[in-house]
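Below is one structure, written out as structure tokens, with a few remarks after it.
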Amino acid sequence: MLVTASIPELRAALAPRRALGPVGFVPTMGALHEGHLSLVRIARAEAATVVVSIFVNPLQFGPSEDLAKYPRTLEADLALLRKEGVDAVFAPAAAEFYPPGFATTVHVADVSEGGEGAVRPGHFVGVATVVAKLFHAVGPDVAVFGRKDLQQAAVVRRMIEDLAFPVRLVVAPVSREEDGLARSSRNVYLSADERRTAAAFPRALFSAARRIEGGEPVPAAQDRARRELEEAGFAVDYAEVVDPVTMRPTGSAPGAALAAAVRLGKIRLLDNVSIEGPR
Ligand code: AMP
């Protein structure tokens, strides 16, 4: 497994492999868990060569967010990726990836504005910029993103189309712990008490989705989900039924998603569940 921080070295290693078949790519910020590995396995099944990037992208963190404290576990990450048969890991240094004078950003309008975009101004400019630059560095045929970050996948889908990246986007299902909590690198910050409470988050989302499928109007289901979450001890940033492509609020159309972000103490949790439409 090649491990490199250098774009030229990565490109040189990938060049002869392109004849073997598609290059698959999984961008991550490291602190890898089973959710990330589920993406790697999809890439492995779809591509002859699998590249994973590990880069805690400063551009997508706000000034008061947890960039400095974000978990960094490079050696453990590399061991996991070796076991998955990954071909190359690209782990650039921030100072090199964004050299002095770096001035180019990618803003994907509309789909970036609501949800996470409203709570975290500038976040999706950081995401789109790093993904565009990573795509240029890796040159993937297939890129795998997680549905856990529903809006991120929507932003990347829009950017791929608008900027004509020759990349096929694959969105992997949300990988969950046994009690339903979506896996996240940030879950390690939860105290034992908070970890127990956290299971109420997916529970409230799944029950609202099932009620909508049973015919409950979307606004009533959203309100009740919000109330249940607040009663369980969460502060709710948003809990909204959206079209997963445009990220606009929508009625109970099949294929919609209930997307939500909550805070538990200092930890922010993000999740979404699909709605199959009223039966
Ligand atoms: P991150 O390291 O948090 O930036 O995540 C890297 C990729 O893994 C993104 O495409 C995430 O959506 C995806 N991912 C993270 N957690 C999960 C999860 N629990 N289920 C599915 N995908 C995930």
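Quick caveat: nothing in here was measured; it's all calculated off a predicted structure. Just follow the structure's listing: the first ligand is 1, and inside any ligand the first atom is 1. Values below: all heavy atoms of this structure, side chains included; hydrogens, waters and symmetry mates excluded.
- At a heavy-atom distance under 4.0 Å, no atom of Ala172 approaches ligand 1.
- The pair Glu230-Arg227 does not count as a salt bridge, with every side-chain nitrogen at least 4.0 angstrom from each carboxylate oxygen.
- Listed for the Asp77 side chain is a donor-acceptor partner under 3.5 Å among the backbone atoms of Ala31.
- Judged by distance alone, the side chain of Asp271 and the main-chain N or O of Lys148 form no donor-acceptor pair under 3.5 Å.
- Partner of Glu65 under the salt bridge (charged side-chain N to carboxylate O under 4.0 Å, His left out) criterion, out of Arg186, Arg120, Arg268: Arg120 alone.
- Of all atoms in ligand 1, listed by their number and element, those nearer than 4.0 Å to a heavy atom of Val174 are 20 (N), 21 (C).
- Atom numbering of ligand 1 starts at 1 in the shown order; those under 4.0 Å from a heavy atom of Arg183 are 16 (N), 17 (C), 18 (C), 19 (N).
- Summary of contacts: the protein heavy atom closest to atom 10 (O) of ligand 1 is Gly146 N, 2.9 Å.
- Contact analysis leaves Ser38 out of contact with ligand 1, as no non-hydrogen atom separation drops below 4.0 angstrom.
- Of all atoms in ligand 1, listed by their number and element, those nearer than 4.0 Å to a heavy atom of Gln152 are 9 (C), 10 (O).
- A distance-only check finds a donor-acceptor pair linking the side chain of Arg44 to the backbone of Ala48 [under 3.5 Å].
- Residue nearest to atom 15 (C) of ligand 1, selected from Arg176, His33, Met29: His33 (by heavy-atom distance).
- Residue contact check for ligand 1: Glu34 places no non-hydrogen atom closer than 4.0 Å to it.
- In this structure, atom 21 (C) of ligand 1 lies nearest to the protein heavy atom Pro173 O, 3.3 Å.
- Not a single heavy atom of Ala31 sits closer than 4.0 Å to an atom of ligand 1.
- Checked by atom type and distance alone, the side chain of Ser38 pairs as donor or acceptor with a backbone atom of Gly35 at under 3.5 Å.
- A tilted orientation is assigned to the rings of Phe165 and His136, their planes being inclined by 30° to 60°.
- Residue Ser184 has no N or O atom closer than 3.5 Å to an N or O atom of ligand 1.
- Open room surrounds CZ on Arg248; 12 or fewer heavy atoms of other groups in view lie less than 6.0 Å from it.
- Distances from atom 17 (C) of ligand 1 to the heavy atoms of Arg186, Lys148, Gln60 put Lys148 nearest.
- Taking only non-hydrogen atoms, the option from Gly35, Ser175, Pro27 nearest to atom 20 (N) of ligand 1 is Ser175.
- Residue Asp149 has at least one N or O atom closer than 3.5 Å to an N or O atom of ligand 1.
- With hydrogens and angles disregarded, a donor-acceptor distance shorter than 3.5 Å links the side chain of Lys133 to the backbone of Phe97.
- Note: Phe25 and Phe135 have perpendicular aromatic rings, judged against thresholds of 30 and 60 degrees for the angle between ring planes.
- In the vicinity of Thr28, heavy-atom distances shorter than 4.0 Å reach the ligand 1 atoms 2 (O), 6 (C).
- Remark: ligand 1 atoms within the under-4.0 Å shell around heavy atoms of Phe145 are 10 (O).
- Between His36 and ligand 1, an N or O atom pair is found at a separation short of 3.5 Å.
- The side chain of Leu39, and not its backbone, has at least one atom closer than 4.0 Å to an atom of ligand 1 (non-hydrogen atoms only; side chain from C-beta on).
- In this structure, Arg72 contributes its side chain and Tyr70 its backbone to a donor-acceptor pair below 3.5 Å.
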